Structures are given as structure tokens and as C-alpha cells.
Amino acid sequence: MDAADLDYRVRTQSGCIPPHLVSRLLELGHAEAVGYWAGHGEWFCAREWARLLGEQELRAEALEILAPYLASGWWTATRTTAELLESWGRADEAIALTRARMKAGHPSALESYARLLARHGRSDEAFTLLRPHVDDRTLAAALVDVAAGACRDEQAAALLAARVPDEHRCDTPWCCHGLDSDTAIGLLAVIRERQGRIDEAIALLRTRNCTSVNDRDQLADLLARHDRTGELRAYAATEVLGHAARRLVELLEERGDVEGAIAVYRRAGRSSVCRGNMTVHLAQLLARHSRGDEAIEVMRALAGGADDWILHVLCTLCTDAGRPEDGLAHLDALKARRGEEEWDLFWIRLPLLAACDRVDEAIERARAHPEGGTSYAAPHIAKLLAGVGRTEEAVAVLRPHACANSHELAGYLIDLGRVEEAVAVLRQDKSRPPQPSTTAWSAEPPF
């Protein structure tokens with residue numbers, strides 16, 4: 001096995017059996033096929049098969065399945081094997097395996113090795129290993145996590161504080177290479193919160209230009225955890241991305257204050273730079289509390305200009321509320337203003353027609369659409385067909401577009417019990433990792 005090929009196919013989920021179809025094979029009683037392909041280069045089959053063997057106390061067999069992948073030197077196989085060993089109570093073997101990959105120089109092995117040590121009573125050793133690497137943001141986060149068990153919070157705090165220059169604050173998460181000052185501040189705040197120094201943690205986070213990462217706001221989360229509702233309200237009123245407002249809504253909803261949560265989203269929708277997102281969150285909040293009609297009205301007001309994703313939310317709410325005709329009426333009115341619908345908008349009406357018991361009409365209209373014969377239209381038509389038990393027809397629709405829709409086509413073939421055919425479809429794309437360019441870099445066009 002080739003580690004680069006494995007890594008590329010698994011990252012892109014191309015040329016292989018993806019995880020959701022491994023699950024479908026098992027659900028439909030095709031465990032034998034999963035076991036076979038686990039031994040023939042299909043990583044997601046191997047990972048699931050090894051887990052199942054471990055649950056049956058067949059641990060030697062599980063490790064045997066993973067051995068060829070492990071032998072390739074591929075880090076994902078190393079990490080998965082170590083996790084299995086640890087879950088079986090064989091932490092020493094997991095540590096030894098990870099240490100060997102660390103010594104071989106794999107960039108991710110040090111973090112995994114240190115965290116393994118910390119989980120098994122060797123936090124001080126883990127801290128010592130990570131300390132020289134504090135300028136790496138991933139390893140710095142691991143350092144902060146293991147510092148608590150090592151009783152070395154203050155040492156970690158000093159290392160982070162030294163990386164927060166007074167004269168500079170990052171204005172984006174990509175401003176600085178390595179450990180940027182905003183990340184250092186965030187990690188330092190984690191330590192102060194852990195020490196019970198909440199005011200200090202809050203003050204630190206207020207010095208950052210942006211406290212939102214991956215759609216979460218660290219300051220808002222901290223305020224919510226410590227029941228600082230008044231401060232969270234004040235922060236939500238000024239935080240323009242709306243992440244703090246959403247955290248406040250979560251808190252209020254947990255407490256049963258639905259009206260208060262609704263008011264927060266309405267206010268945020270007027271002030272946030274992400275007005276559409278806030279309105280969608282408000283509609284979903286209303287729908288969660290059996291106020292679907294109100295949710296539809298909220299979305300209808302937003303959907304006048306009609307980005308396709310906004311229309312999709314509106315029409316989904318209409319379907320869920322038992323009002324698919326209203327969704328169709330909105331799309332019809334929009335079409336009357338705009339003329340012919342492009343597929344990006346047209347496909348939204350298909351589940352609405354199906355919900356009105358007009359599946360045959362939906363299929364006929366989809367086929368007749370100017371873009372109805374394209375690879376991107378095929379999955380929508382196939383879904384309609386499969387939904388009324390016409391799975392063979394769904395396969396026929398997808399077959400000419402197998403390369404673009406291999407997962408969908410294989411899924412329907414599995415539903416029909418045609419497993420070998422499904423695997424052949426999935427494995428037909430044997431794309432390889434792109435080769436490094438030999439063209440010289442240039443700042444002048446053509447780039």
C-alpha cells in the first residue's frame with residue numbers, strides 16, 4: 001500500500017468506499033463484503049471492520065486487518081491503531097507505537113504522543129516534550145491541555161504571555177505565522193479560567209480584535225459558562241458577526257426563555273453583518289418551538305431577493321409545516337418576475353411537488369428542464385424516483401453521470417443488493433495526488 005495514495009483517496013473520498021456507504025453495507029447485512037474489502041485496500045472498511053472485531057474480543061484479528069495500512073507508514077493508520085489499543089486498555093502499546101512514529105519524524109505524532117502520555121498519568125513528561133514547541137499553535141494548545149495534569153499552569157502561562165507583544169494585535173487569524181498573539185491570548189485565557197481567575201480571562205479576551213474561530217466566540221462561551229448573562233447581553237449587542245447573539249440564544253433557550261431568545265435574534269438581525277444568517281437562526285428557533293407559521297413569515301420577508309440557499313430554507317420550512325403549496329406559490333411568483341428558472345432555483349420545487357403527491361409531475365418537469373440532462377440534475381431526479389420505489393430507474397438516470405455521482409449511484413446499487421457493481425463504480429476513479437508543479441513561481445501574470 002502507498003501512504004500518499006491512501007491519504008489522498010481518504011481525504012477526498014474518491015476512488016474508495018466512503019464511510020456512509022460502509023455503514024449502509026453493514027445496515028443492509030453485507031458485513032462479509034465489508035470484511036473482504038477491509039483486506040483489499042479499502043481503509044474505511046478496514047477501520048470499521050477492526051472496530052467490530054475488537055468489540056467481539058477478536059483483537060488480534062483486528063490488528064491483522066490494520067497491519068498492511070500501518071506498514072505503509074501512513075499516519076492515519078497509526079493514529080487509528082493507537083486509539084484502538086488504548087480503548088482496549090493497552091495504553092503502553094499505543095504509546096510505544098505513537099512514539100515510534102514521532103521518532104520517524106511525522107509532524108502530527110508529537111501532539112498525539114504527548115496527549116496519550118497525559119491521559120495515562122505522565123503529564124509532566126508530556127509538558128516537557130511540548131514546551132520547546134510552544135510557537136506551533138497546535139502544540140501550544142496541547143501544552144495548555146496537559147499543563148493542568150502536570151500542575152504547571154503558571155509555566156505555560158508565562159510561555160504564552162511572552163508571545164503577546166504590546167505593540168501588535170492580529171486583525172485576522174492568518175496575520176502571523178506560528179503562534180499568533182490572538183491565539184496566545186485565547187490559550188492564556190483558558191488557563192486563567194481553569195484557575196478560577198474569570199475576570200482576568202474575560203479581560204484578556206477583550207483585548208483581542210476577534211474572538212470568533214470556527215463559528216464560535218470564545219468570550220461569549222466563557223461568559224455563558226459562568227452565568228454572566230448581563231455581560232453576554234452587552235457583548236452580543238456589539239459583536240457584529242452574531243456569534244455572541246447565538247450563544248446568548250442557546251443560553252436563554254436552555255432556560256426556557258423562548259421569547260427572550262427570539263428578541264435577541266430579532267435585534268441581531270438588524271445589527272449583524274450576517275443579517276441573513278440571523279434571520280435563518282430565528283426561523284429555525286421558531287420552528288423548534290412549534291411556531292412554524294411564524295418561521296415561514298420571517299423567512300418570506302427575507303426571501304424577496306432570493307438567494308437560492310434562503311429559498312431552500314423557506315421551502316423546507318413550508319414542507320415541514322405541512323404547507324408545501326405555499327412554498328410553490330412563492331417560487332411561482334419569483335419565476336413570474338424573473339422568467340425561466342435556472343436549475344439552482346428549479347430543483348428547490350421538486351421536494352415541494354413530491355410533498356403535494358405530485359411526484360410524477362416533478363419527475364416529468366425535471367426531465368424537461370433545459371438542464372435536466374446534466375450531471376448535477378441527475379441526483380435530484382434519482383432521489384425522486386428512489387423515493388417512490390423506482391430505484392432501478394434512479395440507477396439508470398445516474399449511470400451516464402457515474403463519475404460525477406459515484407456515491408449516489410453506488411448507494412442505490414447497494415440498496416438493490418448489487419454490491420460488487422457498487423464497489424466497481426466507487427473504485428473506478430483512481431485519481432492520484434496532484435504532482436508538484438515544475439513551473440517557476442512568478443508574481444507577474446500569467447501566474
Side-chain angles (χ1 to χ4, degrees), residues 1-28 30-54 61-85 94 97-98 100-102 104-109 111-112 138 375-376 378-379 382 395 398-438:
M1 293 185 186
D2 180 74
D5 180 53
L6 279 168
D7 190 65
Y8 181 75
R9 286 193 289 123
V10 165
R11 281 190 295 106
T12 61
Q13 294 193 15
S14 61
C16 67
I17 307 173
H20 70 282
L21 291 183
V22 174
S23 297
R24 190 180 298 187
L25 285 167
L26 291 170
E27 289 166 6
L28 296 177
H30 300 295
E32 184 177 335
V34 173
Y36 173 82
W37 287 110
H40 290 79
E42 288 293 335
W43 167 250
F44 293 117
C45 288
R47 185 181 65 181
E48 186 63 14
W49 196 242
R51 185 187 66 79
L52 292 171
L53 289 171
E61 290 87 341
L63 294 176
E64 186 178 346
I65 284 291
L66 296 176
Y69 303 90
L70 194 60
S72 73
W74 185 36
W75 168 247
T76 299
T78 302
R79 186 185 63 230
T80 299
T81 305
E83 288 170 352
L84 275 177
L85 288 166
L97 176 63
T98 310
R101 292 296 292 126
M102 181 184 70
H106 194 281
S108 298
E111 180 195 4
S112 291
T138 299
S375 61
Y376 50 83
V395 167
L398 289 169
R399 182 74 71 184
H401 312 286
C403 289
N405 298 290
S406 59
H407 290 191
E408 292 86 349
L409 175 56
Y412 292 131
L413 288 168
I414 290 169
D415 291 344
L416 291 169
R418 292 153 61 179
V419 175
E420 290 185 10
E421 192 177 345
V423 174
V425 166
L426 292 167
R427 288 168 65 90
Q428 68 185 348
D429 178 14
K430 282 295 185 181
S431 54
R432 299 278 298 182
Q435 296 300 309
S437 173
T438 57

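Any value given below was found using the heavy atoms of this structure, including those in side chains, with hydrogens, waters and symmetry copies removed. These numbers were taken from a predicted model, which means no experiment stands behind them.
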Taking the side chain as every heavy atom from C-beta outward, state whether [X] and [Y] have any atom pair closer than 4.5 Å.
{"X": "Leu28", "Y": "Arg24", "result": "yes"}
{"X": "Arg79", "Y": "Ser108", "result": "no"}
{"X": "Pro107", "Y": "Trp75", "result": "no"}
{"X": "Val34", "Y": "Leu52", "result": "no"}
{"X": "Trp74", "Y": "Val10", "result": "yes"}
{"X": "Ser72", "Y": "Asp5", "result": "no"}

Taking CD in Glu64 as the centre, count heavy atoms belonging to other residues, nucleotides or ligands within less than 6.0 Å. Is the count above 12?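 No - once you tally the heavy atoms of other residues, nucleotides and ligands closer than 6.0 Å, there are 12 at most.
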
Distance in Å, [X] [atom1] paired with [Y] [atom2], rounded so as to fall on 0.5 Å steps:
{"X": "His30", "Y": "Leu26", "atom1": "NE2", "atom2": "CG", "result": "10.0 Å"}
{"X": "Asp2", "Y": "Asp7", "atom1": "CG", "atom2": "CG", "result": "10.0 Å"}
{"X": "Ile414", "Y": "Glu420", "atom1": "CD1", "atom2": "CD", "result": "12.5 Å"}
{"X": "Leu97", "Y": "Glu83", "atom1": "CG", "atom2": "CD", "result": "11.0 Å"}

Working for side chain to side chain contact (heavy atoms under 4.5 Å, CB included), residues Leu66 and Trp43: CA-CA 9 Å; Leu66 296 176; Trp43 167 250; 3.7 Å; yes

Residue pair [X] / [Y]: nearest heavy atoms and the distance that separates them:
{"X": "Gly41", "Y": "Leu6", "answer": "O-CD2, 4.1 Å"}
{"X": "Pro379", "Y": "Glu408", "answer": "CB-CG, 4.4 Å"}
{"X": "Gly15", "Y": "Arg9", "answer": "O-NH1, 3.4 Å"}
{"X": "Ala62", "Y": "Gly54", "answer": "CB-N, 4.2 Å"}
{"X": "Pro68", "Y": "Ile65", "answer": "CD-O, 3.3 Å"}
{"X": "Ala410", "Y": "Ala422", "answer": "O-CB, 3.6 Å"}

Glu111: what forms a salt bridge (charged side-chain N to carboxylate O under 4.0 Å, His left out) with it, not counting sequence neighbours?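 Partners of Glu111 under the salt bridge (charged side-chain N to carboxylate O under 4.0 Å, His left out) test: Arg115.
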
The test is side chain to side chain contact (heavy atoms under 4.5 Å, CB included); show your working for Thr80 and Leu70 and say whether it passes. CA-CA 9 Å; Thr80 299; Leu70 194 60; over 6 Å; no

For Trp37 together with Trp49, are the ring centres under 6.0 Å from each other?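 No, the ring centres sit 6.0 Å or more apart.
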
Can you give the donor-acceptor pairs under 3.5 Å from side chains of residues 398-407 to other protein atoms, not counting sequence neighbours?
unit_1, atom_1, unit_2, atom_2, d
Arg399, NH1, Glu421, OE2, 3.4
Arg399, NH2, Glu421, OE2, 2.4
His401, NE2, Gly373, O, 3.3
Asn405, ND2, Ser375, O, 3.0
Asn405, ND2, His401, O, 3.3
His407, NE2, Gln13, O, 3.0

When you look at Phe44 and Ile17, which way does the side chain to side chain contact (heavy atoms under 4.5 Å, CB included) test go after all the steps? CA-CA 7 Å; Phe44 293 117; Ile17 307 173; 5.8 Å; no

Is there a donor-acceptor pair closer than 3.5 Å between any side-chain N or O of [X] and the backbone N or O of [Y]?
{"X": "Tyr69", "Y": "Glu42", "answer": "yes"}
{"X": "Arg101", "Y": "Gly73", "answer": "yes"}
{"X": "Ser112", "Y": "Ala109", "answer": "no"}

Between Val419 and Leu413, is the side chain to side chain contact (heavy atoms under 4.5 Å, CB included) condition met? List the steps. CA-CA 7 Å; Val419 175; Leu413 288 168; over 6 Å; no

Charged N to carboxylate O under 4.0 angstrom, Arg51 versus Glu48?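 Salt bridge present between Arg51 and Glu48.
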
